[in-house]
Amino acid sequence: MAVSDHVNLEEFMNGLRRRNPGETEFHQAVYEVAANVFDFIADKEIYHEQQILRRIAEPDRIISFRVCWEDDNGNIRVNRGYRVQNNNSIGPYKGGLRFHPSVNQSILKFLAFEQTFKNSLTGLPMGGGKGGADFNPKGKSNNEIMRFCQSFMTELHRHVGEDTDVPAGDIGVGAREIGYLFGQWKRLTNKFTGTLTGKGREYGGSPIRTEATGYGTVYMLQDMLKKAGHDVEGKSCLVSGSGNVATYAIEKVNQLGGKAVTASDSSGFIYDPHGIDDERLAYLMDLKNNRRGRIEEYANEWGCEFHAGKRPWGVKADVALPCATQNEISQKEAQTLIANGCMAVSEGANMPTEQEGIHDFTKARVLFAPSKAANAGGVAISGLEMSQNSARITWKEEELQALLRNIMGDIHERCAEYGQTKEGYVDYVKGANIAGFIKVADAMIAYGVV
Ligand code: NDP
């Protein structure tokens with residue numbers, strides 16, 4: 001095919017929308033990558049000839065299944081479970097499970113697609129996948145959670161395995177759920193292998209997996225600031241969320257001398273100008289992890305503001321770390337952050353910034369680390385959990401801390417290499433998309449048409 005015969009970005013996206021009707025999150029995620037990749041491959045015939053982007057944007061398979069379970073009152077409940085196996089060109093499918101009422105095929109396809117590039121960026125041999133269910137763990141008893149996890153795994157176990165597909169946690173799936181899921185997998189297969197990551201330390205979990213995503217997000221921030229001649233020390237940070245990623249991001253901000261002044265949950269956000277220091281962070285972690293409380297209780301405890309139903313992006317600060325969920329920074333909120341002098345954004349959550357917001361950040365030359373680079377620390381340690389499980393050893397915490405720091409530094413370098421602009425600004429979105437794409441694309445070319 002001659003170069004002039006190639007479909008352009010708009011034609012490619014029209015085809016994708018036609019084939020995947022109504023899947024807006026998936027369209028958004030593919031567009032974000034395709035916009036950069038189309039430019040990069042303009043003069044690289046092989047990627048066109050081999051239809052690489054079209055193939056990466058078509059999941060290898062999507063498994064959808066019924067999950068029946070019995071609640072504490074003896075009622076039969078029915079949910080829908082999924083596993084999207086997007087691409088295994090550079091390693092077994094790898095990506096988390098999300099239990100949240102908003103879960104649908106579009107969201108999981110976007111997450112599995114993103115995961116493919118993120119896992120490639122880590123430099124470790126992992127393909128991309130994602131799964132979950134439209135199950136709401138909120139308000140459920142321990143026994144109900146256990147029964148749900150067991151039923152979910154009863155179907156899922158046919159499709160996963162240490163060399164095939166290795167799920168992990170995500171929203172609504174923490175250490176407790178991974179324990180129930182792994183317990184059922186072990187019972188059904190009569191094997192003890194590293195088929196799930198994020199396991200408890202007593203049964204094959206890796207040191208620092210819990211901290212890795214939040215820490216990595218802040219390392220990425222640190223490297224971007226450093227390259228631009230700045231430091232985390234003394235910077236005020238807006239953090240959204242109060243779950244795993246948010247709380248460990250706050251911990252690392254504190255360790256590096258910054259000051260996190262907000263945290264949130266789905267009910268609103270707290271603004272604490274004193275800073276969420278270590279003592280207050282310990283309270284927040286206990287509130288959210290052990291007592292499953294609401295963020296307003298933090299405001300009552302420490303005498304600060306609670307803004308019901310709002311997000312923190314209107315507060316003036318140096319840096320933003322969105323760590324809750326997708327599309328939580330609208331274009332208008334991005335513009336407010338820019339107007340308030342925000343100099344850097346590092347995305348702890350997956351795709352938290354709307355497309356137009358990313359565009360505005362880039363135009364305003366805000367340092368912007370997209371999620372597939374900024375939050376890759378979690379899956380990187382998961383990849384190392386897989387290695388430890390295969391070798392039946394456990395590395396020391398200090399070794400893993402150093403590995404995490406190095407991996408995030410390498411990701412920053414790779415993004416900077418492909419995202420450097422002539423006037424010195426680094427477009428990390430472009431850098432991450434291209435660096436993530438090349439490795440997967442070249443492996444696909446090596447396999448031929450499969
Ligand atoms: P958690 O379930 O631990 O925490 C999620 C947090 O986000 C909670 O505070 C939750 O509030 C809040 N939240 C969820 N949905 C909304 C919403 N619609 N509006 C406002 N707040 C919301 O999840 P994680 O911290 O693990 O994950 C957060 C993000 O990071 C997700 O995008 C996830 O995909 C991504 N991520 C996580 C990784 C990990 O290692 N955990 C790895 C890579 C990415 P509430 O308590 O009210 O529900």
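Ligands are counted one by one from 1 in listed order, and the atoms in each one are counted from 1 as well.
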Chemist: Less than 4.0 Å between a side-chain N and a carboxylate O, is that true for Asp277 and Lys259?
Modeler: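 Salt bridge between Lys259 and Asp277, a charged N being under 4.0 Å from a carboxylate O: no.
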Chemist: Using the side-chain hydrogen bond (donor to acceptor under 3.5 Å, both in side chains) definition, which of the options Arg405, Lys227, Glu233 pairs with Gln222?
Modeler: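 Only one of Arg405, Lys227, Glu233 forms a side-chain hydrogen bond (donor to acceptor under 3.5 Å, both in side chains) with Gln222, namely Arg405.
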Chemist: Which ligand 1 atoms are under 4.0 Å away from a heavy-atom of Ser242?
Modeler: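 With Ser242 as reference, the close atoms of ligand 1 come out as 9 (O).
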Chemist: Out of all atoms in ligand 1, which are within 4.0 Å of some heavy atom of Lys288? Include the element for each.
Modeler: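 Heavy-atom distances to Lys288 below 4.0 Å select 46 (O).
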Chemist: Looking at Ile171, which atoms of ligand 1 are within less than 4.0 Å of one of its heavy atoms?
Modeler: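 So the atoms of ligand 1 that pass are 2 (O), 23 (O), 27 (O), 31 (C).
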Chemist: With heavy atoms of Ala349 as the reference, note each atom of ligand 1 found under 4.0 Å away.
Modeler: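 Taking each heavy atom of Ala349 in turn, ligand 1 has 29 (C), 30 (O), 32 (O), 35 (C) under 4.0 Å.
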Chemist: For ligand 1, note which part of Met351 has a heavy atom under 4.0 Å away: side chain, backbone, both or neither.
Modeler: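 None of Met351 does.
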Chemist: With side-chain hydrogen bond (donor to acceptor under 3.5 Å, both in side chains) as the test, would you mind laying out the steps for Tyr82 and Asn104 before giving the verdict?
Modeler: CA-CA 8 Å; Tyr82 301 90; Asn104 59 34; over 6 Å; no
Chemist: Between the side chains of Arg98 and Asp170, is the shortest nitrogen-to-carboxylate-oxygen separation below 4.0 Å, so that they form an ion pair?
Modeler: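 Yes, this pair counts.
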Chemist: Just let me know how Gln326 lines up against ligand 1, side chain, backbone, both or neither, with a heavy-atom cut-off below 4.0 Å.
Modeler: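 Looking at Gln326 and ligand 1, no heavy atom falls under 4.0 Å.
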Chemist: Identify, by atom number and element, the atoms of ligand 1 in contact range of Gly172, meaning under 4.0 Å from any of its heavy atoms.
Modeler: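 Answer, ordered by atom number: 2 (O).
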Chemist: Quick check: Phe26 with Tyr31 (ring centres under 6.0 Å apart)?
Modeler: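 No, they do not, as the ring centres are separated by 6.0 Å or more.
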Chemist: What protein heavy atom sits nearest atom 18 (N) of ligand 1, and how far away is it?
Modeler: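 For this ligand atom, the closest protein heavy atom is Thr325 CG2, 3.6 Å.
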Chemist: With a sphere of 6.0 Å drawn around CZ of Arg80, does it hold more than 12 non-hydrogen atoms of other residues, nucleotides or ligands?
Modeler: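 Check fails, neighbour count at 12 or below.
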Chemist: Please list, in number order, the atoms of ligand 1 under 4.0 Å from a heavy atom of Arg98.
Modeler: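 Per the distance check, 31 (C), 32 (O), 33 (C), 34 (O).
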Chemist: Answer yes or no: does an N/O atom from Asp170 fall short of 3.5 Å to an N/O atom of ligand 1?
Modeler: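 Indeed, backbone or side chain, Asp170 has an N or O that close.
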Chemist: Mind checking whether Lys138 has an N or O less than 3.5 Å away from an N or O of ligand 1?
Modeler: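 Yes, at least one N or O pair falls under 3.5 Å.
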Chemist: Please check whether Asn375 reaches ligand 1 - meaning an N/O of the residue sits under 3.5 Å from an N/O of the ligand, judged on distance alone.
Modeler: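 The answer is no, given that Asn375 and ligand 1 share no N or O pair closer than 3.5 Å.
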Chemist: Can you tell me which residue pairs pass the side chain to side chain donor-acceptor pair (under 3.5 Å) test with a partner in residues 111-123, sequence neighbours excluded?
Modeler: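 Non-adjacent pairs meeting side chain to side chain donor-acceptor pair (under 3.5 Å): Asn86-Thr116, Glu114-Lys372, Gln115-Asn119, Lys118-Asn350, Lys118-Asn375.
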Chemist: Between Arg311 and Glu333 (salt bridge meaning N to carboxylate O under 4.0 Å), is one present in this structure?
Modeler: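 Salt bridge flag = yes for Glu333 with Arg311.
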Chemist: Looking only at N/O atoms, are Val245 and ligand 1 under 3.5 Å apart anywhere?
Modeler: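 Between Val245 and ligand 1, an N or O pair is found under 3.5 Å apart.
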Chemist: Number the atoms of ligand 1 from 1 as they appear, then name those within less than 4.0 Å of a heavy atom of Ser264, with their elements.
Modeler: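 Near Ser264, the atoms of ligand 1 are 9 (O).
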Chemist: How about Trp69 and Phe135: are their ring centroids closer than 6.0 Å?
Modeler: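 Yes: the rings meet the under 6.0 Å criterion.
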Chemist: Checking the N or O distance criterion of under 3.5 Å, is ligand 1 in contact with Ser267?
Modeler: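 Such a contact does not occur with ligand 1.
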Chemist: Under 4.0 Å between a side-chain nitrogen and a carboxylate oxygen: does that hold for Arg55 and Glu58?
Modeler: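 Between Glu58 and Arg55 there is no salt bridge, as every charged N stays at least 4.0 Å from the carboxylate O atoms.
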Chemist: With nothing but distance in play, are any N or O atoms of Arg294 less than 3.5 Å from an N or O of ligand 1?
Modeler: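 Between Arg294 and ligand 1, an N or O pair is found under 3.5 Å apart.
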